[in-house]
Amino acid sequence: MDLALLRTFVTVHRAGSFTRAAALLGLSQPAVTSQIRALERQLGRPLFLRQARGVTPTTIGDELAHKAAPHLDALVEIAEAGLDGDSSLRTLHLAGPPEFTAERALPALTELTGDDGQGFALRASFGNADETLDGLAAGHHDLAITTAQPRGTLLTATPLCDEEHVLVTAPRWAARIGPGKLRRKGAHTLEHFPVVEVHESLPFISRYWASVFDSRPTASGTVVVPDLRAVLACTVSGAGLAVLPRYLCASALERGDVVALLDPPVPPLRTYFLVVRTGTLAMPHIARAHEWLLRSAADWS
């Protein structure tokens, strides 16, 4: 069986469309279509069902992808190592949300980048959950950290850790609210306070309000910045209220730069998942990074 046809097939399977696969492969869409048809003729079975928006693999297509993809990925790894001029040092491509990846995952993984015969080079990229999972499925990343659990069997997800969310603000805003008032009177106490968030839809504030107050926020974002570290900096400077992961604001809380407005009995949590393409944990450097992150996460609080 032609490896080029298999490579095209796996890319289509991961991308979910001939158009996206063609862009990833640097081929024209007719060329991709022709290669898939050639492979289907060789096998005597259809591999995809054509739909208005992309393609869906048949049972045979799924089976072939799960058998072939890990071996093709291994061949790519061998080729990349050869191009780097060092067959002993493989490259791990990691993707995830910028704050968690920078503050948690990268410091842990840098311990494995030494040239000890088992180490690897490390490349990281940042993105939201959809971008990260799409890139992983398309073969751009080896390992992904997301807050969304992927569907289907092409990707395998393992719970990594839970992230506690905290409602915080600068001391001067906390003084205006007053001790115990928020607990007694609820979310309407905060209706007129400015809010700092990562998006206009207020994802962190909305999740917290739903979990703790069983309501929706009525405020709009006063400051919106697409990075939680910037949200923390703005909150420290007095821009307003924010909901932040405890790991990210723990030091600021200890210093008194921000104050936690509530300590609910059951704090809102968000789960992170460690995701790989199914079968790629057979590759030693991916398996080692995967295991190391799971072990490291046991100490994260």
Side-chain angles (χ1 to χ4, degrees), residues 14 66 69-70 73-74 76-77 80-81 84 86 88-166 198 204 227-229 232 244-251 267-301:
R14 288 171 170 168
H66 296 149
D73 289 335
V76 170
E77 288 291 327
E80 287 182 352
D84 290 340
D86 183 359
S88 66
L89 192 63
R90 289 188 167 184
T91 301
L92 179 82
H93 296 271
L94 173 73
E99 306 88 354
F100 186 88
T101 305
E103 299 290 330
R104 291 298 204 197
L106 288 175
L109 286 177
T110 51
E111 297 185 41
L112 302 183
T113 58
D115 187 13
D116 62 355
Q118 293 183 312
F120 48 75
L122 181 59
R123 302 289 183 269
S125 59
F126 301 145
N128 61 37
D130 289 339
E131 294 168 343
T132 297
L133 291 175
D134 285 347
L136 179 65
H140 299 314
H141 318 308
D142 301 314
L143 195 60
I145 298 170
T146 76
T147 54
Q149 190 168 11
R151 298 177 180 177
T153 57
L154 183 62
L155 301 178
T156 300
T158 305
L160 179 62
C161 65
D162 289 329
E163 171 185 88
E164 179 188 346
H165 288 176
V166 188
V198 295
F204 283 82
D227 189 297
L228 288 172
R229 291 163 295 192
L232 174 59
L244 290 167
R246 183 173 289 278
Y247 80 84
L248 194 63
C249 63
S251 296
L269 300 176
R270 182 169 68 164
T271 301
Y272 282 96
F273 296 93
L274 198 53
V275 191
V276 296
R277 290 186 301 281
T278 300
T280 57
L281 287 179
M283 300 179 189
H285 69 303
I286 298 178
R288 190 177 184 212
H290 188 273
E291 180 184 2
W292 190 267
L293 283 174
L294 291 175
R295 290 171 53 190
S296 299
D299 298 324
W300 296 340
S301 58

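Every value quoted in this text rests on a predicted model; they were computed, and no experiment measured them. Keep in mind that the numbers below use all heavy atoms, side chains included, and drop hydrogens, waters and symmetry copies. In what follows, residues are counted from 1 in the order of the sequence shown.
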Quick check: closest heavy atoms across P107 and A102, and the distance to 0.1 Å?
CD-O, 3.2 Å
How far apart are the closest heavy atoms of Y247 and R104, and which atoms are they?
CB-NH2, 3.0 Å
Just how far is it from atom CG of L248 to atom CZ of R229, taken to the nearest 0.5 Å?
8.0 Å
Partners of R270 by salt bridge (charged side-chain N to carboxylate O under 4.0 Å, His left out), sequence neighbours excluded?
E163
Show every donor-acceptor pair shorter than 3.5 Å between a side-chain atom in residues 290-297 and any protein atom, with sequence neighbours excluded, or say none if there are none.
from : atom 1 : to   : atom 2 : distance (Å)
W292 : NE1    : A108 : O      : 3.0
S296 : OG     : W292 : O      : 2.8

If we ignore hydrogens and angles and just use 3.5 Å, is the side chain of R14 paired with the main-chain N or O of A137 as donor and acceptor?
yes
How far does CG of D142 sit from CG of L94, to the nearest 0.5 angstrom?
9.0 Å
Measuring from T158:OG1 to Q149:CD, what's the distance to the nearest 0.5 Å?
9.5 Å
Heavy-atom closest pair, residues V276 and I286:
CG1-CG2, 4.2 Å
What's the separation between atom CG in L143 and atom OG1 in T132, rounded to the nearest 0.5 Å?
11.0 Å
Apply side chain to side chain donor-acceptor pair (under 3.5 Å) to T271 and list each qualifying residue two or more places apart in sequence or on a separate chain.
D162
Taking atom OH of Y272 and atom CH2 of W300, what is their separation to the nearest 0.5 Å?
10.0 Å
Check L136 against A144 and note the closest heavy-atom contact, atom names and distance.
CD2-CB, 3.9 Å
Would you say the side-chain atoms of R277 pair up with the backbone N or O of H141, donor to acceptor, closer than 3.5 Å?
yes
Residues two or more places apart in sequence or in another chain: which of them pass side chain to side chain contact (heavy atoms under 4.5 Å, CB included) with R123?
T91, H93, A121
Set of salt bridge (charged side-chain N to carboxylate O under 4.0 Å, His left out) partners for E164, sequence neighbours left out
R246
side-chain contact (heavy atoms from CB on, under 4.5 Å) partner of F100, chosen from T147, L228, L160, L106
L160
Looking only at non-hydrogen atoms, find the nearest pair between C249 and L232 and report the distance.
CB-CD1, 4.1 Å
E131 CD to N128 CG distance, which is reported to the nearest 0.5 Å:
3.5 Å
List for me each residue that meets ring-ring contact (aromatic ring centres under 6.0 Å, His included) alongside H165, sequence neighbours excluded, and say none if there are none.
F204
Specify the closest pair of heavy atoms between A289 and L92, including all atoms of both residues, with the distance to one decimal.
CB-CD2, 3.6 Å
